[in-house]
Number of protein chains: 2
Amino acid sequence: MRKRVTIYEVADAAGVSVATVSRALNGGRVAPLTRARVLRTAERLGFSPSPAARVLATGKSRAIGVVIPDATGPLYGRMLRGIGLELAQAGYTYLVESSERDPARERQVLRDLSARDVEALILIGSGLGPRSLAAMQGGLPSLVLVEREGADLAAPMITIDNESAAERATRYLIEHGHTRIAHIAGPRRAGRERLAGWRRALEAHGLAPGPVANGGFTEEGGYRAAQALLARGGFSAVFVASDRMALGAYRAVREAGLRVGADVSVVGFDGLEFGTYLDPPLATLRQPAQQLGQAAARAALAVTRGERPENVVLSCELVPRASVLEYGGGL
Amino acid sequence: MRKRVTIYEVADAAGVSVATVSRALNGGRVAPLTRARVLRTAERLGFSPSPAARVLATGKSRAIGVVIPDATGPLYGRMLRGIGLELAQAGYTYLVESSERDPARERQVLRDLSARDVEALILIGSGLGPRSLAAMQGGLPSLVLVEREGADLAAPMITIDNESAAERATRYLIEHGHTRIAHIAGPRRAGRERLAGWRRALEAHGLAPGPVANGGFTEEGGYRAAQALLARGGFSAVFVASDRMALGAYRAVREAGLRVGADVSVVGFDGLEFGTYLDPPLATLRQPAQQLGQAAARAALAVTRGERPENVVLSCELVPRASVLEYGGGL
DNA sequence: TATAGACGTGTAAACGCTTACATCTGGATC
DNA sequence: GATCCAGATGTAAGCGTTTACACGTCTATA
């Protein structure tokens, strides 16, 4: 372990007191010449202040905790990048922990993180419900919620505009001549809002809602839901509430002897990479993952300053692809 | 900010001195009854020791720094999970930073991380070369290198057995009757070793090496390399040194009016998720990402204990898929 | 019965910063 | 020329732990 250069050695070498060194380093009032000399000395000695000592003295750890549901989720990497970039600018870092979608583990992770001197906690995606959170909240640092339920938690929420995005997706299908549009839905708030957007688009165009099936946001669920819908028929396009479910739907369509695009148009949600490689490539709504992260980080920083930041709602971008074709009178 | 319960309050409440509380908490010698009373009191008051104070007093931060090349890379999430799981068991956490494949930024990130009291640094994937690292090493905590060059750096290295894996991949093609096998190669150590494995497999079966083209580990590079190979011809199968390049190769094959599998068998490397969704699904060698992470974490922990851990070499698993078919006399 | 450990506990000094307060200097003001 | 005040610097008290050392108290041994 490399030996630490302390502020005392810098003070000695520069011929001033430690207080002056500290002030020179942190922008306190110091005579310009003294400051220059101190900085030069610090540089020469390779001084870098001990974060631990600083935390102890100031009570500010300059660290934010982040909880994600799943370390391998493709969107979380982008969110973390957004968080990291934004925090770095303010001289903050973050600690990530993954709940692996296990409530017990999430509780553990929350406790763990708050025992580690983080100034705020960013909670991403689904996990413990608002009630469990509220119960723990006393022992936790301030929260920032990203795409997560928690209306009455008095915590800033960063979300995407699921309803508008879903409406846009559905409108995209309508613009391609489809009038009978089914929906494969997902659970929780995100699922409900996407369903609402689908419905709103149809109403706005005077169309009757097509059949709906629930897919639980999993590939297998999407497969089953699509099978159920195909068995009933009565639609030429389907808006699927997640790309992962759309994957299952592709399989069901193929197994039914039909072709995605030509026979059934499909639009997904999330904008995951694999959609590009499907045959045909999957039209979808891209989540602004990195921006979500940035917004969350900004909110977290505001919270540490004692502010009460606004909620943020970001919108998704439509990615048109060949899984949606002009309605040709099939089905 | 929640008020801290300090060790003094616990000591008072339990009627002992702070030294005893500390010992009771950390497994020093304390009378069993006293220990029980202290623990109960601590629990009741919701005491949790200040990490900063602890770090300051002990000089151990219980944190490891991790540098990855790219926050959104699909393998890194898995590695981080492995690292996190392993470290958590030892009561450690980690700080991640991404270099975004920019040398200047990587230097910055290294400095930043080492200024943050990490006890060791795990460097994942390509980045600063051994010489630049060696130059900085004086100012850095001990390193652990994962899939990265750095022979003479006196740091434990965690790698995969690229050569054996590449040999396995090539053998897989040979087992399917292919005798003229091309290679799309990548740069750096990983690229060289995979090339060597390909060559070794061919030699072992008395086959002449087919044509080789370089793809730079990018999709576009893979595309170009495949185009070049197809222009020359003379092979019925190709071992591509990364899935990402294989993606480009697929495109080139398709544009040449051929079919992957039927006309040209392809096997990739890495085991990325999207390979499943290609048409046909891409046979590949799966990297043991999570295990790499675990091994790296174990090595890092050993290093903090002053040990000098062994290098670790992990092997990849062949994932057979339909991009490789029995040689049928085509091409 | 004296005595050497062994064991349990307490006292106080670090660890490396920040910062309130005190001190000193040198004009500016009357 | 005395008085103030502002600006620069120093002194020292925390921040919340760990831990070396000192100090009893017992029990086992001679």
Side-chain angles (χ1 to χ4, degrees), chain A residues 1-42 45-63 91 114-119 141 304, chain B residues 1-39 41-42 45-63 91-92 114-119 141 304:
Chain A
M1 186 136 301
R2 307 153 297 135
K3 248 277 276 340
R4 259 233 108 80
V5 180
T6 75
I7 202 175
Y8 284 93
E9 308 173 33
V10 177
D12 275 4
V16 295
S17 75
V18 292
T20 300
V21 175
S22 176
R23 280 188 287 251
L25 260 35
N26 301 309
R29 44 172 2 108
V30 184
L33 275 70
T34 315
R35 154 162 293 133
R37 182 156 38 93
V38 169
L39 293 182
R40 209 161 352 100
T41 315
L45 299 183
F47 168 75
S48 99
S50 151
R54 214 203 276 262
V55 170
L56 196 54
T58 61
K60 322 223 70 195
S61 65
R62 317 213 125 226
S114 32
R116 275 187 195 273
D117 264 356
V118 297
E119 293 181 37
T304 66
Chain B
M1 187 137 300
R2 306 152 298 134
K3 248 278 276 341
R4 256 229 112 80
V5 180
T6 75
I7 202 176
Y8 285 94
E9 308 172 33
V10 177
D12 276 3
V16 294
S17 76
V18 293
T20 301
V21 175
S22 176
R23 280 187 288 251
L25 259 36
N26 300 310
R29 42 169 8 104
V30 183
L33 273 72
T34 315
R35 153 163 293 134
R37 182 156 38 93
V38 169
L39 293 182
T41 315
L45 299 184
F47 168 76
S48 99
S50 150
R54 213 202 275 261
V55 170
L56 194 55
T58 61
K60 324 222 70 197
S61 65
R62 316 213 129 227
Y92 274 63
S114 34
R116 275 186 195 273
D117 263 357
V118 298
E119 294 182 36
T304 64

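In what follows, chains carry the letters A, B, and so on, assigned in the order in which the sequence lines appear, proteins first and then strands, with residues in each chain numbered from 1. Predicted, not measured: the structure shown is a model, and the values here were computed from it.
Under the salt bridge (Lys or Arg N to Asp or Glu O under 4.0 Å) criterion, R35(A) pairs with no residue, sequence neighbours left out. Judged as a side chain to side chain donor-acceptor pair (under 3.5 Å), and not counting sequence neighbours, the contacts of R54(A) are N26(A).
Checked by atom type and distance alone, the side chain of S61(A) pairs as donor or acceptor with a backbone atom of D117(A) at under 3.5 Å. Within the 3.5 Å criterion, the main-chain N or O of R37(A) finds a donor-acceptor partner in the side chain of T41(A). No donor-acceptor pair closer than 3.5 Å links the side chain of R29(A) to the backbone N or O of R23(A).
Taking a heavy-atom distance under 4.0 Å as the criterion, the stretch of DNA chain C touched by chain A extends 5' to 3' from dG16(C) to dA20(C).
The minimum heavy-atom distance between V21(B) and A11(B), with the atom names listed, is CG2-CA, 3.6 Å. Scanning both residues, R62(B) and R116(A), for their nearest heavy atoms gives O-NH1, 4.0 Å. Shown here for P51(A) and A115(B), the closest heavy-atom pair between the two residues is CG-O, 3.2 Å. Scanning both residues, V5(A) and F47(A), for their nearest heavy atoms gives O-CD1, 3.2 Å.
DNA chain D is contacted by A31(A), T34(A) of residues 31-39 of chain A, taking any non-hydrogen atom closer than 4.0 Å.
End-to-end axis angle of the helix from dT1(C)-dA30(D) to dC30(C)-dG1(D), using five pairs per end and rounding to 10°, comes to 50°.
Counting only heavy atoms from C-beta outward, the side chains of T20(B) and S17(B) approach each other to under 4.5 Å.
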Check: Checking side-chain contact (heavy atoms from CB on, under 4.5 Å) for the pair V38(A)/V30(A): CA distance, chi angles, key distance, verdict?
Finding: CA-CA 10 Å; V38(A) 169; V30(A) 184; 5.8 Å; no
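At the heavy-atom level, V16(B) lies under 4.0 Å from the strands shown only through sugar-phosphate atoms. Residue-level contact check: V55(A) touches neither bases nor backbone, having no heavy atom under 4.0 Å from any strand.
Rounded to the nearest 0.5 Å, atoms CD1 (I7(B)) and OG (S22(B)) are 5.0 Å apart. We find the CG-OG1 distance between L39(B) and T34(B) to be 10.5 Å, quoted to the nearest 0.5 Å.
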Notebook entry, point to check: Could you run down nucleotides 15-22 of chain D 5' to 3' and tag each one B, S or - for protein heavy-atom contact under 4.0 Å?
Noted result: BBBBBB--
